[in-house]
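Order of listing sets the numbers, starting from 1, for every ligand and every atom in it. Hydrogens, waters and symmetry mates play no part in the numbers below; they use all other heavy atoms, side chains included. All figures in this text were calculated on a predicted structure; none of them were measured in a lab.
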Amino acid sequence: MTFPPFEPYRSRVVEPIHLTTPEERAGHLAEAGYNPFLLKAEQVMIDLVTDSGTSALSVAQWAAMHGSDESFTGSASFERFAAAARELFGHPHIIPCHQGRAGEHLLARAVLHPGDVVLANTLFATTRQNFEEAGAHCQDLPIAEALDVGSRHPFKGNIHLERLADYLSRREEAVKLVVLTVTDNARGGQPVSLANLRAAAELCARHGAPLWLDAARVAENCYLIREREEGQGDRAPVEVAREVFSLVDGLFMSMKKDGLGNVGGVISCRDAAWAEAIRSRLLVSEGIPTAGGLAGRDLECMRVALHEMFDTAHLAWRVGATQRFAQLLLAGGVPVLEPVGAHAVYVDGRAFCPHLPDEQFPAWSLSAAYYLASGVRSWESGNVTYGRLDPVTGRWRWPELDLLRLAIPRRVYSDAHLAFAARALVELHAHRQRVRGLRCTYRPPALPQFIARFTPVESGDGVA
Ligand SMILES: Cc1ncc(COP(=O)(O)O)c(C=O)c1O
C-alpha cells in the first residue's frame, strides 16, 4: 500500500482568506486597470502572482531572527551569515543586498561598461534591464527546444553551447560576463543540466570569460538535476549544488525565492577586485557592506534558509505539489508548458486563446479573465513583459512564448487550494471564447508589467 504524500511541516499560524464574488472582482479589476499586479492582496483569494517573498517562515527562521544582532556595523548576524554562505558557495567574498535586482544593479554598475557583451541562457527581465542600462549588449542563447512548446526536453534551461562557443571565439574581448539563470524563469522555469553547466564552465575558462549564476532558484534546479539527469539520482540536492557553485566565478541571488525569505539577496564571488567595486557601489545605494540594506534579523533569516532550502523532503513535496497541480490542468485540456518545472506552472496563452491576436495580449487577457472567474491571481511572462517596439520598423516584436504563469509560494498553499485553482482554469478553458482581449492604455518605457494599464477591447476596436 502506498500512502499519499503530505506536507513535511504543520501550521502554527494561519491567515484568513477573504472570499469575493464575481461582481466584486469585476469592480476590483477595472479599478486596477486590468493589471492583476495592481490588485490589492485582500481582493485575491489564492495568490499565484509570484513565488517571491511570499514564503511561510519556519520556526528555526523566526527563532534565529529573535537572536539577531542589530549593531550598525560588523554585526554578529553578518558574520554568521557570511560564514554560512562562504561555506556553501565556496567563494571568499559575500555581499548581502536587499533583493535580487539590487544585486544585479550593483554588479552592472560595478563591472559593465557600454559596448560590453553579456551572454546568457536567458536573462530575467530585471537582469536584462539593469545590464542594458549600464550599456551592455545582452544576448540570450537558449537551446532550440526551449522555444518549442511541444518539446519535452528535460533541461530546456540549457544554454546553447555551440552558439556560446561561437560568440566567445568571435567576441572574446567584448564578452564581460556569461550568466546562467537557474532555473530559467522567463522561459517556463526550466532547469539547466549539470552537464551543460560543466561544459559552459569549460568554455568560459578557455576564453577567460567569468561565468556567473542567477541563483534565485538554484535549489529547485539541483533537485531537478537529481531527478532527471543520468547518474545524479543518488546525490543529495546540496551535494549537486556544491558542485554547481564550484563551477562558477560568482553568483547573484534573490533570497526571496528558494531562499525562503520575505526580503533579501546576496552576491558571492571569487574576484577580489570585482567584490571591491561592488562594495563601493553598495555604499552609495544600498547601505553598508556588512548589511546590504538589511536588518540583522533578515541576515539571520537568510542564514537559516541557506540550509533549509536544500532539504530533500521540502524540495520533494514542493516539486510533487507543482506536478500534481499541472496534471489536473493537463487532464482538463489546459495547454500547459511541459515538462513542468518546480516553482510554477506555465500555460501557453496563444494556445488557450487562439481567438486573440498578439496585439491583444492573450496570456495577459487570460490572467485577467481567470481572476474574474475565480479570484485566483496569476501573472504573465509574455507579450506585455517581453514585447519590444522595433525602433527601425516601428512594429511590435513579440516573444517566442506568451505564457500565463501560476507561481506557487513556498510552504503556503495546500493541494486543496491548488485543486480549486486548477478546477477554475479548466472550466474557463471549456468556455475560452469568453476571454476578452485587452488593449493597452498606458505603457511605461521599462518593466511595463508592474504598472501598465489596460481596457477591454470592444468589438470593432483597433488593437494596442
Ligand atoms: C530568475 C530571477 N532573477 C532575478 C529576479 C529578481 O529578484 P528580486 O525580485 O528579488 O529583485 C527574479 C524575480 O522574480 C527572478 O525570477
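Under the side chain to side chain donor-acceptor pair (under 3.5 Å) test applied with D51, the options K257, R217, H343 reduce to a single match, R217. L224 pairs with exactly one of V192, V319, L315 by the side chain to side chain contact (heavy atoms under 4.5 Å, CB included) rule, that one being V319. F89 pairs in a ring pair (Phe, Tyr, Trp, His ring centres under 6.0 Å) with only one of the listed residues (F81, F245, F252), which is F245.
No donor-acceptor contact under 3.5 angstrom links the side chains of N121 and R187, judged on distance only.
Between K156 and D148, none of the side-chain N atoms (NZ, or NE/NH1/NH2) sits under 4.0 Å from a carboxylate O, so this pair counts as no salt bridge.
When only non-hydrogen protein atoms are considered, atom 1 (C) of ligand 1 lies nearest to D214 OD2, 3.5 Å. Residue, atom and distance of the protein heavy atom nearest to atom 4 (C) of ligand 1 are E104 OE2, 3.1 Å. Distance from atom 5 (C) of ligand 1 to its nearest protein heavy atom, with residue and atom name: F124 CD2, 3.5 Å. Of the protein's heavy atoms, K257 NZ, 2.7 Å lies nearest to atom 13 (C) of ligand 1.
Listed by atom number, the atoms of ligand 1 under 4.0 Å from K256 heavy atoms are 10 (O). Atom numbering of ligand 1 starts at 1 in the shown order; those under 4.0 Å from a heavy atom of G100 are 7 (O), 8 (P), 10 (O), 11 (O). Close approach of ligand 1 to T126 is summarised as follows: ligand atoms under 4.0 Å from at least one heavy atom of the residue are 6 (C).
In terms of polar-atom proximity, S254 is counted as a contact of ligand 1, with an N or O under 3.5 Å from an N or O of the ligand. The N/O atoms of G264, backbone and side chain alike, include none that comes under 3.5 Å of an N/O atom in ligand 1.
Among R101, R217, H98, the residue whose heavy atom sits closest to atom 9 (O) of ligand 1 is R101.
Contacts between T181 and ligand 1, counted as non-hydrogen atom pairs separated by less than 4.0 Å, involve the side chain only.
Proximity of E286 to H105: side-chain heavy atoms (C-beta onward) are nowhere separated by under 4.5 Å.
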Apply side chain to side chain donor-acceptor pair (under 3.5 Å) to the pair Q129 and E133, showing each step before the final yes or no. CA-CA 6 Å; Q129 188 71 31; E133 282 186 11; 3.1 Å; yes
